[in-house]
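Comments concern the structure below.
Index from 1, following the sequence.
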Amino acid sequence: METANGQYVRRIRPALPLPSGVEHGPGAEVAAHTAAATWGLPDFVFQSAYASKGSGRRELGDRLLLAGGRGAVIQVKARTIQPKDADSEVAWIQKVATKAVRQAKGTVRQLRMLPADIANGRDRTLSVDGNAYEWIGVFLLDHEQVPEGTICSLEPIGIPTIALTRRDWDFLFDQLRSTTAVLDYLFRAAVEPPVALG
């Protein structure tokens with residue numbers, strides 16, 4: 001679309017709709033998986049898995065992307081209640097972003113200590129050894145009203161990290177149509193100064 005001053009602006013479509021009959025949080029995880037598997041390849045998108053930890057179990061990311069020697073731990077956080085005022089929403093987003101990158105760090109640490117059998121989008125189970133990959137943690141936010149100018153401050157966790165909205169995640173896959181290209185972009189963008197979500 002051309003603006004009044006002759007510049008072109010690209011309109012970005014909303015994120016893919018959530019699947020029906022699924023709660024919002026798990027639905028956002030499924031939608032993120034669907035975008036990556038549809039526009040990338042399902043072979044490179046891995047479902048969440050669990051590893052034993054003491055007497056409990058640790059989830060190994062909401063989703064993983066693996067292609068070549070690079071991997072991404074995807075942590076999806078969804079705002080499931082009616083948004084509050086802008087300051088409260090920014091505080092909530094920062095809180096869940098901090099939780100997401102810590103979970104990503106835990107997933108990478110666990111996979112480096114002990115490989116895990118994880119199923120990809122074609123239901124093929126592969127052994128994933130965390131030492132075989134260069135990792136990035138991805139905080140993926142599903143939120144209908146992100147306050148304008150919201151920038152996530154992601155704490156250093158020993159691997160690159162990046163924050164995206166689910167809409168931007170869908171857009172990346174729609175435009176690049178390659179899991180490898182998306183991973184390359186995420187790694188490049190993670191070293192740049194953070195920009196406002198959306």
Side-chain angles (χ1 to χ4, degrees), residues 10-51 57-80 96-97 100-101 103-104 106-108 110-111 115-130 132-144 159-190 197-198:
R10 179 182 292 186
R11 291 207 182 273
I12 300 177
R13 288 178 278 189
L16 292 172
L18 298 179
S20 60
V22 181
E23 288 184 25
H24 190 152
E29 293 173 19
V30 170
H33 180 108
T34 300
T38 299
W39 290 314
L41 280 175
D43 307 68
F44 304 131
V45 187
F46 289 76
Q47 301 166 23
S48 57
Y50 292 88
R57 298 185 328 152
R58 173 191 287 276
E59 184 182 41
L60 299 174
D62 292 331
R63 292 296 187 272
L64 299 179
L65 292 184
L66 299 172
R70 284 184 158 170
V73 179
I74 314 302
Q75 291 296 150
V76 183
K77 302 297 179 191
R79 189 57 156 157
T80 58
V96 295
V101 296
Q103 288 171 322
T107 293
V108 172
Q110 182 67 33
L111 288 171
D117 292 337
I118 306 177
N120 70 10
R122 295 194 192 277
D123 288 324
R124 181 176 171 214
T125 300
L126 301 172
S127 179
V128 177
D129 179 352
Y133 297 92
E134 177 186 13
W135 291 97
I136 187 169
V138 180
F139 163 50
L140 198 56
L141 177 66
D142 186 78
H143 194 304
E144 292 184 6
I159 60 172
T161 55
I162 192 166
L164 299 169
T165 63
R166 195 167 62 81
R167 183 192 74 160
D168 291 340
W169 173 260
D170 289 3
F171 176 76
L172 271 179
F173 273 98
D174 185 24
Q175 295 298 303
L176 300 177
R177 303 200 176 224
S178 159
T179 306
T180 301
V182 168
L183 283 168
D184 287 348
Y185 174 84
L186 293 173
F187 273 88
R188 281 196 314 272
L197 287 168

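Side-chain contact between Gln103 and Val73 is absent, with no heavy-atom pair separated by less than 4.5 Å. Val128 is listed as a side-chain neighbour of Tyr133, based on a closest heavy-atom distance under 4.5 Å. Residues Asp117 and Leu126 fail the side-chain proximity criterion, which asks for heavy atoms closer than 4.5 Å. When side chains are defined from C-beta on, Leu197 does not count as touching His143, because their heavy atoms never get closer than 4.5 Å. Taking the side chain as every heavy atom from C-beta outward, Thr34 and Phe173 never approach each other to under 4.5 Å. Leu41 has its side chain within reach of Arg122: a pair of non-hydrogen atoms, C-beta onward, lies under 4.5 Å apart. In this structure, the side chains of Ile118 and Thr125 stay at 4.5 Å or more apart for every pair of heavy atoms. Taking the side chain as every heavy atom from C-beta outward, Phe44 and Leu183 never approach each other to under 4.5 Å.
The two atoms that bring Ala181 and Ser178 nearest to each other are N-OG, 3.1 Å, heavy atoms only. When all heavy atoms of Ala190 and Pro160 are compared, the pair lying nearest together is CB-CB, 3.9 Å. Across every non-hydrogen atom of Ala28 and Val76, the tightest pair is CB-CG1, 3.8 Å. Across all non-hydrogen atoms, the minimal contact from Thr179 to Ala67 is CG2-CB, 4.3 Å. Across all their heavy atoms, Leu140 and Ala32 have their closest contact at CD2-CB, 3.6 Å. When all heavy atoms of Ala31 and Arg166 are compared, the pair lying nearest together is CB-NH1, 3.3 Å.
Remark: Arg177 pairs with Asp174 by the side chain to side chain donor-acceptor pair (under 3.5 Å) rule, at least two apart or across chains. In this structure Ala35 satisfies the side-chain contact (heavy atoms from CB on, under 4.5 Å) test together with Leu16, Trp39, Trp169, Asp170, sequence neighbours excluded.
The CZ atom of Phe46 sits 10.0 Å away from atom NE2 of His33, with the distance rounded to the nearest 0.5 Å. Here CD of Glu29 is found 8.0 Å from CD of Gln75. Values are rounded to the nearest 0.5 Å. Expressed to the nearest 0.5 Å, how far CD of Gln47 lies from CG of Asp123 amounts to 5.5 Å. In this structure, the separation between CG on Asp43 and CZ on Arg124 is 8.0 Å, given to the nearest 0.5 Å. Atom CZ of Phe139 is separated from atom OG1 of Thr161 by 11.0 Å, given to the nearest 0.5 angstrom. With rounding to the nearest 0.5 angstrom, the CG atom of Leu164 is 8.5 Å from the CD1 atom of Ile74.
Judged purely by atom type and a 3.5 angstrom limit, Arg63 has no side-chain atom pairing as donor or acceptor with the backbone of Val45. With Asp142 contributing its side chain and Ala78 its backbone, the two residues share no donor-acceptor pair below 3.5 Å.
Atom OH of Tyr185 is surrounded by 12 or fewer heavy atoms from other residues, nucleotides or ligands within 6.0 Å. Under a cut-off of 6.0 angstrom, the local environment of CD in Gln175 is crowded, with over 12 non-hydrogen atoms contributed by other residues, nucleotides or ligands.
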Starting from the C-alpha separation in whole Å, work towards a yes-or-no answer on side-chain contact (heavy atoms from CB on, under 4.5 Å) for Leu111 and Leu64. CA-CA 11 Å; Leu111 288 171; Leu64 299 179; 4.1 Å; yes

